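Step one of this worksheet: look at the structure below.
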There are 2 protein chains.
Amino acid sequence: MRISPLIRKLEQFTSLSENDKLRLECAAGEQLDYAPKQDVICQGDRPDHVHLLIEGWACRYKILHNGNRQIMAYLIPGDLCDVHVTLLDAMDHSIGALSACKILMFPKADLADLMLENPQILRALWWSTLVDEAILREWLVNVGGRPSEKRLGHLICEMIHRAGAVGLTTDNTFEMPLTQEELADTMGMSAVHMNRCFHTLRAEGLISTDARRILIHDLERLIAFSGFDPAYLHQVRVVSAQPTHTQMGNVRNRQY
Amino acid sequence: MRISPLIRKLEQFTSLSENDKLRLECAAGEQLDYAPKQDVICQGDRPDHVHLLIEGWACRYKILHNGNRQIMAYLIPGDLCDVHVTLLDAMDHSIGALSACKILMFPKADLADLMLENPQILRALWWSTLVDEAILREWLVNVGGRPSEKRLGHLICEMIHRAGAVGLTTDNTFEMPLTQEELADTMGMSAVHMNRCFHTLRAEGLISTDARRILIHDLERLIAFSGFDPAYLHQVRVVSAQPTHTQMGNVRNRQY
DNA sequence: CGGCTCATTGACCAACGTCAATGCCGGTGG
DNA sequence: CCACCGGCATTGACGTTGGTCAATGAGCCG
């Protein structure tokens with residue numbers, strides 16, 4: 001099914017009946033491709049579709065008055081870009097593709113109807129926005145309270161957990177298709193300093209990088225170094241970062 | 001009704017029938033008082049009630065490994081502390097009273113039932129969590145991307161808008177019962193530097209402070225200075241910061 | 001009056017930003 | 001095949017923002 005990454009994500013929280021899954025799949029409309037750096041949705045838009053990312057990485061961002069860009073979230077396969085639009089008026093931020101992305105569009109009205117008649121799906125989608133919110137809180141903690149190297153370490157810990165939960169890790173390696181400048185814009189620091197942070201983490205023997213692939217040498221040590229605690233991800237049925245079979249035998253779309 | 005502040009808040013988004021309001025009021029249980037600095041909910045708790053703040057200010061916060069406190073949200077009358085618990089497992093952060101607070105408890109199960117049988121209330125509560133999330137995004141932008149004086153200015157702009165929406169402002173004045181240290185913990189800076197920021201805003205003639213009361217001399221100029229745009233608050237039916245009657249004649253609980 | 005909390009200020013220091021130069025690598029056109 | 005270019009990573013030198021420490025004062029309360 002095209003919506004497998006979403007199902008896999010929602011099933012971290014609840015189980016969905018075959019019927020629920022089919023209804024969701026049927027609500028899906030057109031599928032679109034986006035190139036890196038292309039905008040998926042712009043601030044101020046009132047999209048009439050809800051967008052589901054099924055391949056690639058994207059981000060939420062805002063441009064400040066001084067021209068700075070602040071990235072506020074990373075979206076990976078299974079993440080919904082804008083459940084907001086079922087309830088809020090206009091987008092208060094933009095969504096941009098970070099790598100090549102495939103996006104599936106759900107007509108807003110159909111999804112709203114589906115949620116109204118199927119409380120289980122509604123709860124699952126609400127749950128996903130609550131987890132997004134928890135992640136956002138942790139990002140605020142990260143930017144507000146941690147020194148720069150731990151900030152980077154913490155983000156890497158988060159992303160390997162999230163990527164693992166949708167089957168995008170092998171051993172302790174995963175693709176993180178981000179430039180250092182994009183990471184810098186995420187953590188409120190300069191690209192130059194971001195580079196110095198990578199230097200430190202490599203010098204400490206915590207990670208290696210190869211193009212956009214990140215290898216974590218000792219996840220336990222990186223977690224301790226960064227003060228990471230995965231509780232905020234609310235992965236009720238956890239999928240570890242180690243290579244593993246996703247429970248329920250749902251192993252489609254493993255690409256790396 | 002004891003839940004008036006909540007009703008007033010939700011009616012920014014949707015109108016509720018008299019029946020809806022009564023059902024909500026009836027779902028409310030015990031009311032508790034908290035002293036300043038007292039914890040309402042601790043990280044790791046699995047509360048069996050949803051907490052509604054009806055008087056005073058509270059905050060969401062986490063304590064980091066290095067002992068730093070990061071405040072991630074301010075809660076004012078009408079805000080729900082933990083709708084999360086209807087769906088998530090355990091609290092991933094704590095809630096603390098900033099001033100003397102009155103809190104109304106809704107048994108989790110009753111509220112869950114009410115939402116299940118009344119989609120209008122469910123939508124309204126979901127909307128409120130989506131707005132919380134939008135505010136959180138803007139806080140991340142604030143901490144990540146703005147220089148310290150604008151950070152403070154921006155927060156003041158936000159809080160006078162939010163306080164205005166629940167009738168807690170008179171002219172351009174409002175109570176902000178926060179110490180400079182608490183503000184510093186909110187914006188990821190030191191208390192000393194927070195003080196320097198206040199100094200600057202006063203020197204610029206933008207604000208005056210008197211105990212914990214803030215007077216804004218020229219809101220337009222403060223907004224321009226801080227790069228503030230209220231769109232993210234999603235106040236669909238806006239209540240201005242000027243003295244005004246809340247629409248629908250709902251003017252209870254104006255205390256200041 | 002004494003003790004507390006909080007605001008305020010100055011002196012000094014560390015973290016991080018800015019600027020600029022260099023190198024690497026993949027793509028592209030001749 | 002090679003020269004050139006653009007995007008990105010890397011590094012050093014230097015400047016600025018904001019942190020730390022410590023002292024002082026103002027207001028409140030028993």
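A, B, ... follow the sequence lines: proteins, then strands. Residue 1 opens every chain. None of the values given here were measured: they were computed from a predicted structure.
- Here the side chain of A:T169 pairs no donor or acceptor atom with the backbone of A:F174 at under 3.5 angstrom.
- Residues in residues 214-230 of chain A take part in these side chain to side chain donor-acceptor pair (under 3.5 Å) pairs, two or more places apart or across chains: A:S208-A:H217.
- B:N195 has a side-chain polar atom (N or O) that falls below the 4.0 Å cut-off from OP1 or OP2 of C:dT8.
- At a cut-off of 3.5 angstrom, counting only N and O atoms as typed in the model, there is a donor on one side and an acceptor on the other between the side-chain of A:R196 and the base of C:dG17.
- Enclosure of atom CD in A:E181 is not indicated, since only 12 or fewer non-hydrogen atoms of other residues, nucleotides or ligands lie within 6.0 angstrom.
- Between the CZ atom of A:R212 and the C1' atom of D:dC8 there is a distance of 7 Å, given to the nearest Å.
- Protein atom CG of A:L178 is 18 Å distant from nucleotide atom P of D:dG7, rounded to whole Å.
- Note: CZ (A:R202) to C1' (D:dT10) measures 9 Å, nearest angstrom.
- Atom NE2 in A:H193 sits roughly 16 Å away from atom C1' in D:dA13 (whole-Å rounding).
- Residue contacts for B:S190: at a heavy-atom cut-off of 4.0 Å it reaches a base atom on one of the strands shown.
- Residue whose closest nucleotide on DNA chain C sits further toward the 5' end, between A:E149 and B:Q180: B:Q180.
- If you measure from atom CE of A:M189 to atom P of C:dT18, you get 12 Å, rounded to the nearest angstrom.
- Ion pairing between B:R2 and B:E55 fails under the 4.0 Å rule for side-chain N and carboxylate O.
- Between A:H199 and D:dT11 there is a side-chain N or O to OP1 or OP2 distance below 4.0 Å.
- We find that CG of B:D210 is positioned 13 Å from C1' of D:dA26, with the value rounded to whole Å.
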